[in-house]
Amino acid sequence: MYIPIIEFKTKKETVEIIGGELRNNKKMPCKTFNLSAWHCKTGGLLASIPGTICNECYARQGHYAIYRENHAPGYDTRLKNVDSIYWVDAMIKQIGTDEYFRWFASGDLQSVEMLEKIVTIARALPNTKFWLPTHEPKFIKMWLTKHQQEFPENLIIRISAVYIDKPSTLIKSLQGYKNILTSTVHTVTPIGKDCKAHNQNGECRSCRDCWDTDVKNVSYLAH
């Protein structure tokens with residue numbers, strides 16, 4: 001059982017620690033925790049390689065690119081504040097009783113230490129389903145090697161494909177785990193379960209495939 005370091009009376013008290021209030025994403029049915037796509041480690045390297053998903057990353061284009069300088073200080077603070085000893089408790093307070101949560105609508109895992117904190121949050125909130133998409137399978141492997149156990153059942157991890165229109169292949173050490181799954185990006189033909197959002201004004205609406213361990217691969221239309 002998780003024992004908090006600090007008990008927050010209100011969600012407002014957590015804003016400074018997290019580096020902002022967690023807000024509902026209008027396209028998804030839940031709050032998200034985001035970092036700058038320019039902070040991505042593997043994604044930052046892939047962004048310069050044509051044909052990769054990260055080369056076409058929506059979080060490096062359009063609004064994100066135009067207002068990058070305006071948003072950069074906030075993202076920098078949010079990234080730095082992950083190291084706070086109170087960050088886990090602040091996240092737990094802000095997520096509260098929410099049924100679903102998404103990690104990284106933009107950005108990605110930064111370290112196995114960050115993953116440790118995400119796992120702690122999932123364990124503390126067993127009634128919340130967490131979806132974690134990532135291009136960092138090495139951190140997933142490091143956690144498994146260290147702990148020699150499954151991730152919490154309510155933490156659904158999807159390893160993202162590297163290339164558009166190519167499958168995401170789990171390395172051998174990540175195979176066989178119920179909640180380590182994959183996702184892909186397609187231009188015409190889906191690879192696995194087609195994400196419904198492109199037919200729903202870019203919204204999840206009632207769909208929860210990304211949080212569903214029975215859906216082995218979700219394929220998103222390139223955008």
Side-chain angles (χ1 to χ4, degrees), residues 11 15 18-40 43 47 52-68 70-71 74-75 78 91 94-109 118 121-122 125 127-135 153-168 179-223:
K11 289 184 179 180
V15 171
I18 293 175
E21 183 178 359
L22 300 177
R23 299 183 183 277
N24 281 66
N25 184 299
K26 66 180 181 179
K27 294 184 178 182
M28 288 183 289
C30 62
K31 298 185 184 77
T32 66
F33 177 83
N34 304 320
L35 295 174
S36 171
W38 281 273
H39 286 145
C40 292
T52 66
I53 291 170
C54 297
N55 184 249
E56 302 292 330
C57 179
Y58 64 84
R60 284 173 169 256
Q61 302 176 24
H63 172 91
Y64 292 90
I66 294 170
Y67 297 102
R68 180 185 176 188
N70 302 69
H71 294 162
Y75 278 130
R78 182 167 283 204
M91 289 292 297
Q94 281 211 31
I95 296 169
T97 59
D98 290 0
E99 191 174 358
Y100 293 93
F101 188 84
R102 175 180 175 172
W103 294 101
F104 310 119
S106 65
D108 204 340
L109 277 173
I118 288 173
I121 292 166
L125 298 172
N127 295 321
T128 301
K129 275 197 169 185
F130 294 87
W131 163 33
L132 170 58
T134 184
H135 277 286
E153 289 186 5
N154 61 324
L155 176 59
I156 290 80
I157 299 169
R158 291 194 181 273
I159 306 299
S160 304
V162 173
Y163 290 95
I164 297 173
D165 289 322
K166 299 290 185 182
S168 177
N179 53 336
I180 300 179
L181 308 164
T182 58
S183 67
T184 50
V185 172
H186 65 275
T187 54
V188 179
T189 304
I191 304 170
K193 189 72 174 288
D194 186 19
C195 170
K196 300 174 183 177
H198 64 93
N199 291 319
Q200 299 179 161
N201 195 34
E203 299 172 354
C204 295
R205 297 185 185 175
S206 63
C207 180
R208 300 292 182 272
D209 285 347
C210 295
W211 290 269
D212 189 345
T213 54
D214 289 332
V215 179
K216 303 307 178 186
N217 186 82
V218 179
S219 192
Y220 310 103
L221 183 67
H223 64 286

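Ring geometry for Phe130 versus Trp103: interplanar angle under 30°, hence parallel rather than tilted (30 to 60°).
Side-chain atoms of Asp194 and Ser219 form no donor-acceptor pair, as typed in the model, at a separation below 3.5 Å. A donor-acceptor pair shorter than 3.5 Å can be found between the side chains of Asn217 and Thr184.
Note that the CG atom of Asn127 and the OG1 atom of Thr97 stand 9.0 Å from one another [nearest 0.5 Å]. One finds the CG atom of Asn55 at 7.5 Å from the CD1 atom of Ile164 (value rounded to the nearest 0.5 Å). Between the CG atom in Leu22 and the CE atom in Met91 there is a gap of 4.5 Å [rounded to 0.5 Å]. Rounding to the nearest 0.5 angstrom, the gap separating the NZ atom in Lys31 from the CG atom in Asn24 is 5.5 Å. Atoms CD1 and CG, from Ile159 and Leu181 in turn, are 9.0 Å apart once rounded to the nearest 0.5 Å. Rounding to the nearest 0.5 Å places OG1 of Thr189 at 7.5 Å from CG of Asp165.
Panel note: side chain Asn201, backbone Glu203; no donor-acceptor pair is recorded below 3.5 Å. Judged by distance alone, the side chain of Thr32 and the main-chain N or O of Asn34 form no donor-acceptor pair under 3.5 Å.
Take Arg208 and apply the salt bridge (charged side-chain N to carboxylate O under 4.0 Å, His left out) test, not counting sequence neighbours, and it matches no residue. Checked against side chain to side chain contact (heavy atoms under 4.5 Å, CB included), Ser183 has the following partners two or more places apart in sequence or in another chain: Arg158, Ser160, Tyr220.
Considering all non-hydrogen atoms of both residues, Ala122 and Leu155 come closest at CB-CB, 4.2 Å. Pairing each heavy atom of Asp209 with each of Val218, the nearest pair is O-CG2, 4.1 Å. The two residues Asp212 and Asp214 make their nearest non-hydrogen contact at OD1-N, 2.9 Å. When all heavy atoms of Leu35 and Asp108 are compared, the closest pair comes out as CD1-O, 3.8 Å. Val185 and Leu221 make their closest contact through CG1-C, 4.5 Å (heavy atoms, listed as atom of the first residue, atom of the second, distance).
The closest side-chain heavy-atom distance from Pro29 to Trp211 is below 4.5 Å. In this structure, the side chains of His135 and Cys54 come closer than 4.5 Å at one or more pairs of heavy atoms. The shortest side-chain heavy-atom distance between Phe101 and Ile121 does not fall under the 4.5 Å cut-off. Contact annotation: the side chain of Arg102 approaches that of Pro133 to within less than 4.5 Å [non-hydrogen atoms, C-beta and beyond]. Residues Tyr75 and Ser106 form a side-chain contact, since some pair of their non-hydrogen atoms from C-beta on lies under 4.5 Å apart. Side chains of Phe33 and Gln94 form no contact here, defined as non-hydrogen atoms less than 4.5 Å apart. Looking only at side-chain heavy atoms (C-beta outward), Thr182 and Ile191 stay at 4.5 Å or farther from each other.
Within 6.0 Å of the NZ atom in Lys216, the count of heavy atoms belonging to other residues, nucleotides or ligands exceeds 12. Taking a 6.0 Å sphere around CD of Gln200, one finds it holds more than 12 heavy atoms contributed by other residues, nucleotides or ligands. Summarising the local packing, NZ of Lys166 is surrounded by 12 or fewer heavy atoms from other residues, nucleotides or ligands at distances under 6.0 Å.
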